[in-house]
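Protein chains get the first letters and strands the later ones, always in sequence-line order, with residue 1 at the start of each.
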2 protein chains.
Amino acid sequence: MPQPVSNRPLISITNIIWSFDPVTKQLLILLLQRNHAPFKETWGLPTTYLRADESADAAALRLVREKLGVQLAQFHTEQLGTFTAVARVPDERSLALTYMVYLPVKPQLVPGYGARDVRWFAVTPRQDRDDLVAGELTFKGVADAVSAAEFYQQTPPVPSLTADHALIIKTALQRVRNRLDYAPTILLVLGSHFTLKQAREVYAILWRRPVTTIDNSNFRKTHAHLFVEAGTAQSHSSGRPAKVYRLKSVG
Amino acid sequence: MPQPVSNRPLISITNIIWSFDPVTKQLLILLLQRNHAPFKETWGLPTTYLRADESADAAALRLVREKLGVQLAQFHTEQLGTFTAVARVPDERSLALTYMVYLPVKPQLVPGYGARDVRWFAVTPRQDRDDLVAGELTFKGVADAVSAAEFYQQTPPVPSLTADHALIIKTALQRVRNRLDYAPTILLVLGSHFTLKQAREVYAILWRRPVTTIDNSNFRKTHAHLFVEAGTAQSHSSGRPAKVYRLKSVG
DNA sequence: GCAAAAGTGTTGCATCTACACCCATGG
DNA sequence: CCATGGGTGTAGATGCAACACTTTTGC
């Protein structure tokens with residue numbers, strides 16, 4: 001039997017929005033600082049509430065448009081997971097349906113409704129975790145070995161992200177890493193077309209090793225089947241111009 | 001801003017409950033036939049509604065206990081995904097949070113509250129899909145090549161499963177197949193301990209090929225790192241008794 | 001021409017597949 | 001002791017890492 005209407009949990013949509021800075025070669029995640037309760041002044045992932053007349057995927061896209069004002073015809077979204085721990089948000093029963101969105105550009109940010117500040121945070125690999133860094137602000141990542149159950153039990157570090165968003169980001173990075181060898185949609189942050197050099201820069205961050213240790217020749221041989229050629233790029237500096245590729249079986 | 005309470009979608013928990021018949025060597029999924037609207041008399045996956053004071057994982061476990069009366073201390077559950085298409089259930093806005101449960105035994109089934117009938121359906125591999133078969137009842141699986149978007153557009157076959165449950169089952173099988181080479185939790189249907197022969201029987205179904213084509217020696221060498229030895233089994237028939245294994249890093 | 005970056009080829013090592021062979025048990 | 005199934009070993013094929021070499025551009 002359906003639950004009484006008053007007992008229905010809130011359904012929030014939470015996005016991990018990925019981007020890439022071509023100058024600093026950093027992989028970026030969007031965080032914003034709320035200016036209202038709960039979690040006033042703390043940083044967290046962009047969140048909205050699901051409307052009755054839209055699917056969760058549609059809501060994830062709406063969220064990107066609302067928070068960023070980006071008006072691209074179509075983004076690629078992927079469901080990450082649903083977070084349902086009873087006490088994940090204090091004083092409120094809400095589920096988080098989480099989605100990943102890959103922005104093909106790095107838009108200028110303007111704090112929108114409900115946000116005091118908004119920034120791109122660089123994924124910064126450490127020994128056994130990934131920190132998020134934006135200028136003087138650093139959020140320490142959840143250690144690789146920590147399970148979800150352990151996360152909800154331990155006391156959060158200071159400063160910490162909204163609710164369980166640190167766990168959501170850890171899960172997102174795990175997912176992205178797993179897919180590197182068979183469906184590296186994270187490369188969509190480079191735009192629809194990219195060179196192998198750019199691809200190696202992204203892989204280097206996620207593999208937690210210097211780009212220089214990823215052999216050009218071998219990378220091509222082991223990952224070429226994931227890409228299709230799509231012409232040749234303009235040479236921007238000295239050196240032979242690279243071919244450009246796009247992901248196989250993705251728009 | 002939170003959505004008005006009256007607009008909040010229903011949150012249902014839908015389970016793919018896996019089991020295994022050691023006699024017929026069939027991989028099984030539990031389906032039940034409802035005796036009330038909506039979907040009266042149609043077959044579908046067991047479903048319940050999320051309560052305010054429980055996590056979705058807890059609800060998935062409760063569902064197993066309610067529908068099966070199985071009283072094991074602990075099952076292994078895994079989140080499969082969340083299905084949110086607006087029209088996935090006619091005349092009702094509901095989300096399906098789906099979970100996989102691996103039963104270490106094949107319990108006798110007794111139709112519980114709200115169910116007219118309940119049965120184990122054998123996963124039956126075809127060329128490009130997997131059908132579900134229980135005696136004279138057969139449900140045709142969704143073809144491998146069909147995307148989620150395509151599924152929701154096309155008209156369902158007759159007989160068809162409740163709402164989008166055929167899509168959920170296709171997704172579940174996909175997930176299980178993907179995990180065979182690095183985290184084959186599906187083997188928990190064999191109980192906590194199993195022989196390599198039993199494991200190959202499960203793999204054969206999911207790889208859609210006869211057991212006899214899976215070389216014992218090679219299977220051991222390629223998948224041994226996923227298992228740990230745990231003693232020796234009794235020999236039931238003639239032949240050398242097999243060692244028993246359990247999954248690495250799973251209770 | 002020289003530096004820089006992209007792309008190609010080769011060699012040795014690790015891994016997988018196919019298949020022959022040996023081991024332990026029931027009747 | 002023989003049929004049945006479990007476990008071990010080995011040769012050829014395949015795939016990957018390391019690294020030398022060639023090609024194409026800017027200056």
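- Between the P atom of dT15(C) and the CZ atom of Phe219(B) lies a distance of 18 Å, rounded to the nearest Å.
- Across dT8(D), dG7(C), dA18(D), the shortest atom-to-atom separation from the side chain of Lys221(A) is found for dA18(D).
- Using a 4.0 Å heavy-atom distance criterion, Lys197(A) is classed as a sugar-phosphate-only contact.
- Remark: aromatic rings of Phe219(B) and Tyr203(B) are close, center separation under 6.0 Å.
- Nucleotide dA18(C) holds its P atom 12 Å from the CD1 atom of Ile214(B), rounded to whole Å.
- When all heavy atoms of Ala172(A) and Ile16(A) are compared, the pair lying nearest together is CB-CG1, 4.1 Å.
- Side-chain rings of Phe139(A) and Phe121(A) approach one another, their centers coming within less than 6.0 Å.
- With the nearest nucleotide of DNA chain D identified for both Val244(B) and Thr213(A), Val244(B) has the one nearer the 5' end.
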(request) Could you check Arg179(A) against Asp181(A) for salt bridge (charged side-chain N to carboxylate O under 4.0 Å, His left out), going step by step and ending with a plain yes or no? (result) CA-CA 5 Å; Arg179(A) 294 179 64 125; Asp181(A) 284 339; over 6 Å; no

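- To the nearest angstrom, P of dC13(C) lies 16 Å from CG of Asn218(A).
- The side chain of Asp215(B) sits closest to dC19(C) out of dC19(C), dT25(D), dA18(D).
- Here the side chain of Arg240(A) is nearest to one of dG7(D), dA5(C), dC19(C), namely dA5(C).
- Arg200(A) has its CZ atom 11 Å from the P atom of dA5(C), to the nearest Å.
- Between the CG atom of Leu196(B) and the P atom of dT8(D) there is a distance of 10 Å, given to the nearest Å.
- Atoms NZ (Lys243(B)) and C1' (dG7(D)) sit 7 Å apart, rounded to a whole Å.
- Note: CZ (Arg220(A)) to P (dG15(D)) measures 18 Å, nearest angstrom.
- In this structure a side-chain-to-backbone donor-acceptor pair under 3.5 Å is missing from Arg200(B) to Ala204(B).
- Of all nucleotides listed (dA17(D), dG7(D), dT24(D)), dA17(D) comes nearest to the side chain of Thr222(A).
- Asn216(B) places its CG atom 13 Å from the C1' atom of dC21(C), with the value rounded to the nearest Å.
- In the set dT10(D), dT8(D), dG6(D), dT8(D) carries the atom at the smallest distance from any side-chain atom of Ser217(B).
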